[in-house]
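What you see is a predicted model, and the numbers here were worked out from it, not measured in a lab. Just so you know, ligand 1 is whichever comes first in the structure, and atom 1 is the first atom listed for that ligand.
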Amino acid sequence: MTPKQIELVQGTWKMVLPIADTAAEMFYTRLFSTDASLKPLFKGDMKAQGRKLMQMIGTAVNGLTKLDSIVPAVQDLGRRHMKYGVKDKDYDTVGGALLWTLEQGLGESFTPEVKDAWATTYGVLAKTMKDAAATVAA
Ligand code: HEM
C-alpha cells in the first residue's frame, strides 16, 4: 500500500466512525441479502457483532503504517474465522458488502481512488486471514 492510500483509508474511516452502528447494520443487511446462507454462521447479538467488526477494522486501519505489528492479530482472527465456518470465497462477498457500505456512508467522498485504497486494505487483511486459516487446515 502507498502512503497516499493509507492516508485515504484512515481519513475516510474517521468519517464513518460517527455512524459506526448504522454502518454495521447496513453492512449486515447488505451481506445477508447478497448471500443468505451466511446468516446462520452468526450466532450472537448482531449489534455486539457489528461493534466488534467496526472495532477490528478500526484497529487494522490504524495499524496500516505499521502492518507488521498487526499481522499476528489478523492471523489469529483468520484462524478463528475458519472455526466459525467461514470459507475463502466468503471473503469476496464480505469485501463487496464492505465497499458498498462505505459508498453509502461516504457519498461523494467515496472517489475511485478511495474505493481502490479500501479494496487494497481489505485485500491485504483478507489474504492474511485466509493464509493463516489455510496453514491450520493443512
Ligand atoms: C477483514 C475481514 C474481517 C474482519 C476484520 C472480521 C472481524 C470479526 C471480529 C472482530 C469478530 C469477533 C470474534 C473474533 O474476534 O473472533 C468476527 C466474528 C465473525 N465473523 Fe468476521 N471478520 C472478517 C471477515 C469475515 C468474513 C469474510 C466472514 C464470512 C461470512 C465473517 C464472519 C464472521 C462470523 C460468522 C463470526 C462469528 C459470529 C458468532 O460467533 O456469532 N467475518 N469477525
Problem - Electrostatic pair D76-R79, nearest N-O below 4.0 angstrom - result: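 R79 and D76: salt-bridged.
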Sub-4.0 Å atoms of ligand 1 with respect to non-hydrogen atoms of [X]:
X   : answer
L41 : 35 (C)
D90 : 27 (C), 29 (C)
K52 : 10 (C), 12 (C)
Y91 : 27 (C)
G44 : 41 (O)

Exercise for the section: Spell out, as yes or no, whether a donor-acceptor pair under 3.5 Å connects the side chain of Y122 to the backbone of V94. Expected result: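 A pair under 3.5 Å: no.
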Exercise for the section: Give a yes or no answer on whether the side chain of Q104 reaches the backbone of T101 with a donor-acceptor pair at less than 3.5 Å. Expected result: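 Not at all, since once roles are kept as given, no pair shorter than 3.5 Å links the two residues.
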Handout entry: Test salt bridge (charged side-chain N to carboxylate O under 4.0 Å, His left out) applied to D131 - qualifying residues, sequence neighbours left out
Key =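 Per chain and number, D131 pairs via salt bridge (charged side-chain N to carboxylate O under 4.0 Å, His left out) with K127.
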Problem - With R80 via salt bridge (charged side-chain N to carboxylate O under 4.0 Å, His left out) - residues at least two apart - result: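 R80 satisfies salt bridge (charged side-chain N to carboxylate O under 4.0 Å, His left out) with no residue once adjacent residues are dropped.
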Problem - Side chains of M15 and F110 in contact at under 4.5 Å (non-hydrogen atoms) - result: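 M15 does not reach F110 side chain to side chain.
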Practice task
Could you check if a side-chain atom of H81 sits within less than 4.5 angstrom of a side-chain atom of M129, using non-hydrogen atoms only?
Solution key: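 With C-beta onward as the side chain, the pair touches.
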Exercise for the section: Show the numbers, then the answer: is there a ring-ring contact (aromatic ring centres under 6.0 Å, His included) between Y28 and F42? Expected result: CA-CA 10 Å; Y28 288 115; F42 294 86; 5.6 Å; yes
Handout entry: Distance-minimising heavy-atom pair for W13 and M54
Key =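 Shortest heavy-atom separation between W13 and M54 comes out as CZ2-O, 3.3 Å.
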Handout entry: Heteroatom proximity flag, R80 to ligand 1, N/O under 3.5 Å
Key =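 Yes, R80 has an N/O under 3.5 Å of an N/O on ligand 1.
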Exercise for the section: Using distance alone, decide if ligand 1 has a nitrogen or oxygen within less than 3.5 Å of any nitrogen or oxygen in K43. Expected result: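 Min N/O separation from ligand 1 is below 3.5 Å for K43.
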Exercise for the section: Could you give me a count of protein N/O/S atoms that are under 2.8 Å from atom 21 (Fe) of ligand 1? Expected result: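 Total protein N/O/S atoms under 2.8 Å from atom 21 (Fe) of ligand 1: 1.
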Problem - Protein heavy-atom partner closest to atom 1 (C) of ligand 1 - residue, atom, separation in Å - result: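 Looking only at protein heavy atoms, the one closest to atom 1 (C) of ligand 1 is Y122 CE1, 3.6 Å.
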Problem - Protein contact of atom 32 (C) of ligand 1 - nearest heavy atom, named by residue and atom, plus distance - result: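 That would be F42 CZ, 3.3 Å.
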Handout entry: Contacts of type side-chain contact (heavy atoms from CB on, under 4.5 Å), residue K14, not counting sequence neighbours
Key =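 Expected list: none.
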Exercise for the section: Determine, considering heavy atoms only, which of M129, Q49, R79 sits nearest to atom 18 (C) of ligand 1. Expected result: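 It is Q49 whose heavy atom sits nearest to atom 18 (C) of ligand 1.
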